[in-house]
There are 2 protein chains.
Amino acid sequence: MDTKSQLINTATALFQQKGYKSVGLNEILKACNVTKGALYHHFPNGKEELLIACLHDLNEAITTDIKTIFKENLSIREAIRSMIDKLVHDFESDGTLSGYTFSSMVSEMATVSEPVRNACSALYENIQHIFYEKLVTEGFSSESASEMALLMTASIEGAMMLCRTQKSTDPLKTVAKLIPNLLKSF
Amino acid sequence: MDTKSQLINTATALFQQKGYKSVGLNEILKACNVTKGALYHHFPNGKEELLIACLHDLNEAITTDIKTIFKENLSIREAIRSMIDKLVHDFESDGTLSGYTFSSMVSEMATVSEPVRNACSALYENIQHIFYEKLVTEGFSSESASEMALLMTASIEGAMMLCRTQKSTDPLKTVAKLIPNLLKSF
DNA sequence: CCAAACATACCAACCGGTCTGTTTGTTATT
DNA sequence: AATAACAAACAGACCGGTTGGTATGTTTGG
């Protein structure tokens, strides 16, 4: 793999685990055996440019990942189920909840840096759009589909937060169990 | 107000706005005109002890705040509605979403410091417990009440995250609108 | 008189970022 | 084929500023 992708990949993982400010450049550099010169060659604007590159990469990765899940599963219930199953599995295997979340970066940077906030906003919008389209094909009206997509995104993101504080996957499991009920209520 | 509370209050506000790592001790000290000596007199273990004190204070403040809202409002629908209305109002007036959230602190510290993680966990549990009790008095079974309490907490927390990235209160408003539907679905 | 409640100067460690090289790969010229 | 020329891709020493934290003093209330 080339140096640039290497930087993005390890930085992404570290940012997801510890947040943005908690991870120093030297930590990233050491983790992927790259020197400072190389970093500033590929990212002249330093750490924040690297973060935005990470968010862009994450956006693409998450989007394609969810899209394939939504293609493989016929109903939105099954799709959401297998999506959350994957999150739960990842969390249980490596202990870190890095799946479709970047809340650690959102919450500390969204209020500080506009470019970062925009990158995060784009990511959430993409996720919601995938939900939205699936819901529309299942007969939901445009309005209720976008509302449901928002509710689903919010509850999953919130559940991940709870999982992190509780060191347990139960919140995600509960939400996964309840989402079918939500869909019924419309 | 005494020095200790002054420190806690201003630190809480700053932490909520920018997160933990982004706020330096000197920034806090300057903001409330307190010197380093005073800080380390009241919090010998420094910044992290201050953060935990903030979380404890926040816990109490949020808990009593929500409790009074839940006493004033007969149905849980009305209670949630006025709770979110308050959040929306705060966000629209001062631009910062500091209400019942501390996700900025959770996400960057929960994976790093156990004491902080515990304090955050306690806070979420308290909130859920208030929801839970109200739901039980409205006839929900113990099991579905705790599930609903979790779902509500998660979706509100997630919605706040979305609000922050979108710089809009719409996500919270949408969630507020949909929660009655959730309750019906049980 | 004594301890609690500060104030202030100071510190090593670390931060992100810049600097000046050196290596390496590509292309043009003879 | 050899070489000159050039730029991209690094390497690593270095820098000023800031960080959280400490040590030592001074004030103040009981």
Side-chain angles (χ1 to χ4, degrees), chain A residues 1-55 57 104-105 107-117 119, chain B residues 1-55 57 104-105 107-117 119:
Chain A
M1 207 194 316
D2 63 325
T3 310
K4 193 170 183 177
S5 328
Q6 223 174 318
L7 277 168
I8 292 179
N9 289 341
T10 60
T12 301
L14 287 171
F15 286 155
Q16 281 184 316
Q17 284 166 32
K18 306 191 191 176
Y20 178 70
K21 295 261 182 183
S22 303
V23 181
L25 284 185
N26 291 323
E27 188 181 352
I28 301 171
L29 264 14
K30 201 172 156 191
C32 58
N33 233 34
V34 169
T35 59
K36 204 162 269 189
L39 194 161
Y40 276 88
H41 171 72
H42 293 289
F43 305 97
N45 293 331
K47 200 185 180 186
E48 184 162 329
E49 191 182 347
L50 174 60
L51 170 63
I52 292 175
C54 289
L55 289 172
D57 248 49
S104 30
M105 310 173 222
S107 33
E108 45 175 331
M109 290 299 290
T111 54
V112 180
S113 160
E114 270 295 297
V116 173
R117 195 188 60 78
Chain B
M1 207 193 318
D2 63 326
T3 310
K4 194 169 183 178
S5 329
Q6 221 173 320
L7 277 167
I8 293 179
N9 290 340
T10 59
T12 301
L14 287 171
F15 287 155
Q16 281 184 317
Q17 284 166 31
K18 305 192 192 176
Y20 178 70
K21 295 261 181 184
S22 301
V23 181
L25 284 185
N26 291 324
E27 188 181 351
I28 301 170
L29 264 15
K30 202 171 155 192
C32 58
N33 232 34
V34 169
T35 58
K36 204 162 268 191
L39 194 161
Y40 276 87
H41 172 72
H42 292 290
F43 305 98
N45 293 330
K47 198 185 180 186
E48 184 162 329
E49 191 182 347
L50 174 60
L51 170 63
I52 293 175
C54 289
L55 289 172
D57 248 49
S104 30
M105 308 174 223
S107 33
E108 45 175 329
M109 291 299 289
T111 54
V112 179
S113 160
E114 271 294 297
V116 173
R117 195 188 60 80

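Quick note on labels: first sequence line is chain A, next is B, and so on, each numbered from 1.
We find that NZ of B:Lys30 is positioned 15 Å from C1' of D:dT19, with the value rounded to whole Å. With rounding to whole Å, A:Leu29 atom CG is found 18 Å from D:dC14 atom P. Separating the CZ atom of A:Phe43 from the C1' atom of D:dA8 is a distance of 15 Å, rounded to the nearest angstrom.
Across every non-hydrogen atom of B:Ile8 and B:Cys54, the tightest pair is O-SG, 3.5 Å. The heavy-atom pair separating A:Thr111 from B:Lys18 by the smallest distance is OG1-CA, 4.2 Å.
For the atom pair CG (A:Asn9) and CD1 (A:Ile28), the distance works out to 12.0 Å, reported to the nearest 0.5 Å. Here the OG1 atom belonging to B:Thr12 is positioned 6.5 Å from the CE atom belonging to B:Met105, to the nearest 0.5 angstrom. Note that NZ of B:Lys21 is 4.5 Å distant from OG of A:Ser22, once rounded to the nearest 0.5 Å.
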Solution key, residues 32-47 of chain A side-chain donor-acceptor pairs under 3.5 Å, sequence neighbours excluded:
from    : atom 1 : to      : atom 2 : distance (Å)
A:Lys36 : NZ     : A:Asn26 : OD1    : 3.3
A:Lys47 : NZ     : A:Tyr20 : O      : 3.0
A:Lys47 : NZ     : A:Val23 : O      : 2.8

Are there any protein N/O atoms within less than 3.5 Å of an N/O atom in nucleotides 28-30 of chain D, and if so, which ones and at what distance?
none

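Looking only at side-chain heavy atoms (C-beta outward), B:Val116 and B:Glu48 come within less than 4.5 Å of each other.
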**Message:** Does the protein touch nucleotides 5-17 of chain C at the base, only the backbone, or not at all? Give it as B, S and - per nucleotide, heavy atoms under 4.0 Å.
**Reply:** BSBB------SBB
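A salt bridge links A:Glu114 with A:Arg117; the closest basic N to acidic carboxylate O contact falls under 4.0 Å.
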